[in-house]
> 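Just dropping this structure here.
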Amino acid sequence: MAEKTYKYIIIGGGVAGGYAAREFVKLGLQPGELALFSKEAVAPYERPALSKAYLFPQAPARLPGFHVCVGSGGERQTPEWYPANGIDLPLSTEIVKADVENKTVTTAAGVTYQYGTLIVATGATYIDLKDFKTPGADAQGIYYLREIHEADVLVEAIKAKKGGSAVVVGGGYIGLELAACLTINDIKVTMVFPEPFCMPRLFTSEIAAFYEGYYEGKGVTIIKGTLAAAFEKDEHGHVTTVQLKDGRSLHADLVVVGVGARPVLAPLKGQLKEEKGGFQVDGSFKTSAQDVYAIGDVATFPLKLYGDQRRVEHVDHSRKSAIQAVQAIKAAEKGETVDEYDYLPFFYSRSFDLSWQFYGDNVGESVVWGRDGASAAKSKFGAYWVKDGKVVGAFLEGGSADENKLLAKVAKEQPSVSSKEELISAGIGFASN
Ligand code: FAD
Ligand code: NDP
């Protein structure tokens with residue numbers, strides 16, 4: 001027996017959930033129509049802050065400062081915003097079961113709710129080294145970062161180990177952003193990752209060499225081409241040493257692991273079609289089940305621009321997919337449809353004084369420009385990716401807001417280019433022309 005019926009239920013109070021709530025309000029919502037269930041204890045917030053300003057030693061970001069939708073220049077939806085807009089926001093409430101036949105969801109406490117339309121916005125979770133059975137991976141002092149409660153634990157560990165040493169496992173987004181945050185907190189960092197250079201899924205070796213050099217200049221030691229194979233603990237169960245696969249061992253007062261994320265499918269596993277690790281959706285974010293939508297990290301959607309299906313684990317897509325899904329839901333209620341989602345991939349990162357943006361697709365031949373002149377003091381350089389004679393991807397370190405807009409334009413319009421040399425000599429000028 002359902003406790004209550006909602007016209008709309010959102011599972012997951014992260015970025016996508018928060019932006020979806022805003023779009024419902026924008027398009028017209030009656031009190032009591034929407035419930036947003038979140039496993040976290042706080043209202044939706046801009047998750048990117050957790051690996052950046054939240055960890056700063058001075059003037060760190062704290063809630064309520066970065067609730068959604070401030071990250072895209074929107075209104076700050078404090079916990080009071082939800083009831084003020086007639087939205088129920090059960091926090092610390094995990095949905096453990098959903099039934100798409102009977103259109104119900106059930107909380108961990110065993111309470112069942114009926115929905116008219118369901119939006120799955122459960123995001124992703126970190127990959128845990130315990131899953132690989134890495135010996136000693138259960139030691140205290142090994143940290144992961146996805147949610148704010150994990151960031152709080154990390155903040156305390158950083159304070160306690162000030163002046164000590166850390167090993168950062170992984171050379172992706174978390175690895176690079178956390179290595180920088182730990183360094184500015186006066187912790188000596190060694191990064192370890194298996195690939196020949198950092199961020200290999202996006203960077204070329206030439207791009208990576210700049211960031212690795214910059215990090216080394218800040219005192220970070222980088223060990224590549226090997227893995228954290230085991231952890232040793234002291235008599236209290238706290239990590240002391242990281243054993244690498246190549247036989248080396250590193251002392252560690254704390255360890256931060258960022259070896260990837262996996263989408264959270266659990267409450268709907270087996271009931272929705274899956275593709276590339278996520279729930280398969282159409283250009284309106286509708287899943288294979290009637291009246292069930294999936295948005296954000298958990299959705300594998302048609303990427304119209306490239307004619308394939310992708311899952312994107314970045315904040316810009318989580319916001320835009322939420323808006324698209326809610327617009328589609330509201331349009332369908334009026335017997336209308338919306339244009340298919342037409343997404344231009346956008347990724348970015350910030351660490352130390354650095355800030356890069358990337359738009360488009362990193363396929364084909366890469367052409368790096370301005371790299372020779374880039375240094376710690378003057379770090380502007382970029383890259384284009386060229387496929388079939390057209391520019392399909394653009395990267396820029398140290399760009400201004402206007403220049404970054406040009407990157408987006410070039411990646412979307414895919415202009416033809418006659419030679420590599422043209423891109424190298426024009427640099428950002430190619431995008432502005
Ligand atoms: P999430 O924001 O993860 O939200 C999912 C929510 O669902 C969580 O609150 C979770 O607790 C909840 N949930 C899950 N299962 C259940 C359940 N069964 N019941 C109830 N609630 C549930 N991207 C960028 O582009 N730039 C960045 O700088 C950047 N920085 C990041 C920094 C960190 C530390 C992390 C972890 C990610 C970062 N990302 C960044 C990625 C970006 O934050 C994600 O792509 C985005 O948050 C995805 O939004 P989402 O709503 O799909 O998932
Ligand atoms: P990433 O996938 O970015 O990076 C993980 C890296 O760790 C990969 O290079 C991976 O290599 C490597 N790796 C895998 N296994 C091991 C291992 N055993 N030891 C050492 N390295 C290993 O994931 P993150 O963990 O950095 O980020 C988690 C999530 O958070 C992602 O969804 C990411 O998009 C998001 N995030 C995004 C940010 C941004 O956009 N600025 C900032 C912070 C987080 P391989 O590729 O070979 O598997």
Side-chain angles (χ1 to χ4, degrees), residues 10-20 36-52 54-55 68 71 90-98 105-108 119-127 129 132 134 137 144-151 154 167-178 191-195 197-203 223-224 226-229 244-245 256-268 278 294-299 311-319 321-322 345-351 356-358:
I10 301 173
I11 312 179
V15 177
Y19 276 74
L36 171 53
F37 288 89
S38 186
K39 186 162 69 62
E40 290 190 77
V42 299
Y45 57 89
E46 302 284 2
R47 194 164 308 286
L50 297 185
S51 54
K52 302 172 190 67
Y54 204 81
L55 303 177
V68 299
L91 298 174
S92 307
T93 305
E94 185 176 6
I95 299 296
V96 292
K97 203 171 89 187
V105 300
T106 303
T107 68
I119 299 184
V120 185
T122 44
T125 188
Y126 53 76
I127 294 174
L129 290 179
F132 302 137
T134 306
Y144 297 81
L145 180 59
R146 180 82 201 180
E147 299 188 346
I148 198 158
H149 65 96
E150 287 141 359
L154 189 55
V167 172
V168 170
V169 179
Y173 287 96
I174 290 281
L176 285 166
E177 293 185 8
L178 268 289
M191 291 182 75
V192 181
F193 50 87
E195 298 94 346
F197 53 87
C198 66
M199 288 281 288
R201 283 195 218 146
L202 177 63
F203 290 178
I223 300 179
K224 304 184 250 188
T226 189
L227 294 164
L244 305 186
K245 200 174 170 196
V256 174
V257 181
V259 294
R262 76 164 59 96
V264 175
L265 309 181
L268 286 122
I295 57 177
D297 283 9
V298 83
R311 209 170 53 72
V312 171
E313 294 176 353
H314 293 274
V315 74
D316 177 62
H317 160 70
S318 67
R319 295 168 180 154
S321 60
F346 166 47
F347 314 136
Y348 71 89
S349 183
R350 290 192 296 271
S351 58
W356 60 258
Q357 297 206 355
F358 169 83

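Note that ligands are numbered from 1 as they come in the structure, with each ligand's atoms numbered from 1 the same way. The structure presented is a predicted model; accordingly, all values stated were derived computationally and were not measured.
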> Quick one: which of Cys198, Gly258, Pro200 has a heavy atom closest to atom 7 (O) of ligand 2?
Gly258

> Residue-level breakdown please: for Glu313 versus ligand 2, do any non-hydrogen atoms fall below 4.0 Å on the side chain, on the backbone, on both, or on neither?
both

> Could you tell me whether ligand 1 has any atom less than 4.0 Å away from a heavy atom of Val96?
no

> For atom 41 (C) of ligand 1, what's the nearest protein heavy atom and its distance?
Glu313 O, 3.7 Å

> Testing the 3.5 Å rule here: is there a donor-acceptor pair between the side chains of Glu40 and Tyr45?
yes

> Check this for me - ligand 2, Ser51, N or O atoms closer than 3.5 angstrom, yes or no?
no

> What atoms of ligand 2 come closer than 4.0 angstrom to any heavy atom of Glu177?
39 (C), 41 (N), 42 (C), 43 (C)

> Please list, in number order, the atoms of ligand 2 under 4.0 Å from a heavy atom of Arg201.
2 (O), 45 (P), 46 (O), 48 (O)

> If you have a sec, work out which protein heavy atom is nearest atom 11 (O) of ligand 1 and how many Å separate them, to one decimal?
Glu147 OE2, 2.6 Å

> Pairs of nitrogen or oxygen atoms closer than 3.5 Å, one from Gly260 and one from ligand 2: do any exist?
yes

> Is the shortest distance from a Lys or Arg side-chain nitrogen in Asp297 or Arg146 to a carboxylate oxygen in the other one below 4.0 Å?
yes

> Atom 15 (N) of ligand 1: which of Leu55, Thr122, Ile148 has the nearest heavy atom?
Thr122

> To the nearest 0.1 Å, how far is atom 42 (C) of ligand 1 from its closest protein heavy atom, and which atom is that?
Val315 N, 3.9 Å

> Which protein heavy atom lies closest to atom 4 (O) of ligand 1, and at what distance to 0.1 Å?
Gly14 CA, 3.1 Å

> Show which atoms of ligand 1 fall inside a sub-4.0 Å distance from at least one heavy-atom site of Ser318.
46 (C), 48 (C), 49 (O)

> Enter the distance from Glu177:CD to Leu50:CG here, rounded to the nearest 0.5 Å.
10.5 Å

> With heavy atoms of Gly13 as the reference, note each atom of ligand 1 found under 4.0 Å away.
6 (C), 7 (O), 9 (O)

> Name the closest protein heavy atom to atom 45 (O) of ligand 1, giving the residue it belongs to and the distance to 0.1 Å.
Asp297 OD1, 2.7 Å

> For atom 4 (O) of ligand 2, which candidate among Gly172, Pro48, Ala124 provides the closest heavy atom?
Gly172

> To which of Ala41, Ser51, Ala322 does the heavy atom nearest atom 33 (C) of ligand 1 belong?
Ser51

> Does ligand 1 have any atom that is closer than 4.0 Å to a heavy atom of Val298?
no

> For Leu227, is at least one N or O under 3.5 Å away from an N or O on ligand 2?
no

> Give me the nearest non-hydrogen protein atom to atom 40 (O) of ligand 2 as residue plus atom name, then the distance to 0.1 Å.
His314 ND1, 2.9 Å

> Find out whether Leu178 and Leu154 are in side-chain contact, i.e. whether some heavy atom of one side chain is under 4.5 Å from a heavy atom of the other.
yes

> Which heavy atom of the protein is the closest neighbour of atom 29 (C) of ligand 2, given with residue, atom name and distance?
Ala261 CB, 3.8 Å

> If the cut-off is 4.0 Å to any non-hydrogen atom of Gly296, which atoms of ligand 1 fall inside it?
52 (O)

> I'd like the name of whichever of Val312, Val259, Ile174, Val315 reaches closest to atom 28 (C) of ligand 2 through any heavy atom.
Ile174

> Under a 4.0 angstrom heavy-atom cut-off, which atoms of ligand 1 come close to Val264?
15 (N)

> Compare all side-chain heavy atoms of His314 with those of Phe346 and state whether any distance is below 4.5 angstrom.
no

> Tell me the protein heavy atom at minimum distance from atom 8 (C) of ligand 2, and give that distance in Å.
Glu195 OE2, 3.6 Å

> Pull out every atom of ligand 1 sitting under 4.0 Å from any heavy atom of Thr93, numbered as shown with elements.
20 (C)

> Heavy-atom distances under 4.0 Å decide this one: backbone, side chain, both or neither, for Tyr126 against ligand 2?
neither

> Can you tell me the protein heavy atom closest to atom 53 (O) of ligand 1 and the distance?
Gly123 CA, 3.2 Å

> Short N/O distance, under 3.5 Å, between Glu40 and ligand 1?
yes

> Can you tell me the protein heavy atom closest to atom 36 (N) of ligand 2 and the distance?
Tyr173 CB, 3.8 Å

> List ligand 2 atoms under 4.0 Å from Pro194, heavy atoms only on the residue side.
20 (C), 21 (N), 22 (C)

> In terms of residue, atom name and distance, what is the protein heavy atom nearest to atom 3 (O) of ligand 1?
Arg146 NH2, 2.7 Å

> Which of the atoms in ligand 2, numbered in the order shown and given with their element, are less than 4.0 Å from a heavy-atom of Val169?
19 (N), 20 (C)

> Tell me the nearest of Arg47, Gln357, Glu46 to atom 2 (O) of ligand 1, using heavy-atom distances.
Arg47

> Angle class for the Trp356/Tyr173 ring planes (parallel below 30°, perpendicular above 60°, tilted otherwise)?
tilted

> For Gly170, counting its heavy atoms only, list the atoms of ligand 2 lying under 4.0 Å from any of them.
7 (O), 20 (C), 21 (N)

> Charged N to carboxylate O under 4.0 angstrom, Glu195 versus Arg201?
no

> Examine ligand 1 and decide if any of its atoms is less than 4.0 Å from a heavy atom belonging to Phe347.
no

> Taking C-beta and beyond as the side chain, do Pro90 and Thr107 meet within less than 4.5 Å on heavy atoms?
no

> Hey, is ligand 2 close enough to Asp297 that some N/O pair sits below 3.5 Å?
no

> In the structure I gave you, are the side-chain heavy atoms of Leu145 and Val256 within less than 4.5 Å of one another anywhere?
no

> Check whether any N or O atom of Lys39, backbone or side chain, sits under 3.5 Å from an N or O atom of ligand 1, and answer yes or no.
yes

> Suppose I only count heavy atoms of Pro48 and a 4.0 Å limit; which atoms of ligand 1 are within that range?
27 (C), 28 (O), 29 (C), 30 (N), 31 (C), 32 (C), 40 (C), 43 (O)

> Closer than 4.0 Å to some heavy atom of Tyr348 - which atoms of ligand 2 meet that?
39 (C), 40 (O), 41 (N)

> Taking only heavy atoms of Ile95 into account, list the atoms of ligand 1 that are under 4.0 Å away from them.
17 (C), 18 (N), 19 (N), 20 (C)

> Under a heavy-atom criterion of less than 4.0 Å, does Ser38 contact ligand 1?
yes

> Note the single closest protein heavy atom to atom 28 (O) of ligand 1, along with its residue, its atom name and the distance in Å.
Lys52 NZ, 2.5 Å

> Evaluating non-hydrogen atoms only, which member of Gly12, Ala121, Pro267 is closest to atom 5 (C) of ligand 1?
Ala121

> As an exercise, identify every atom of ligand 1 less than 4.0 angstrom from a heavy atom of Phe37.
20 (C), 21 (N)

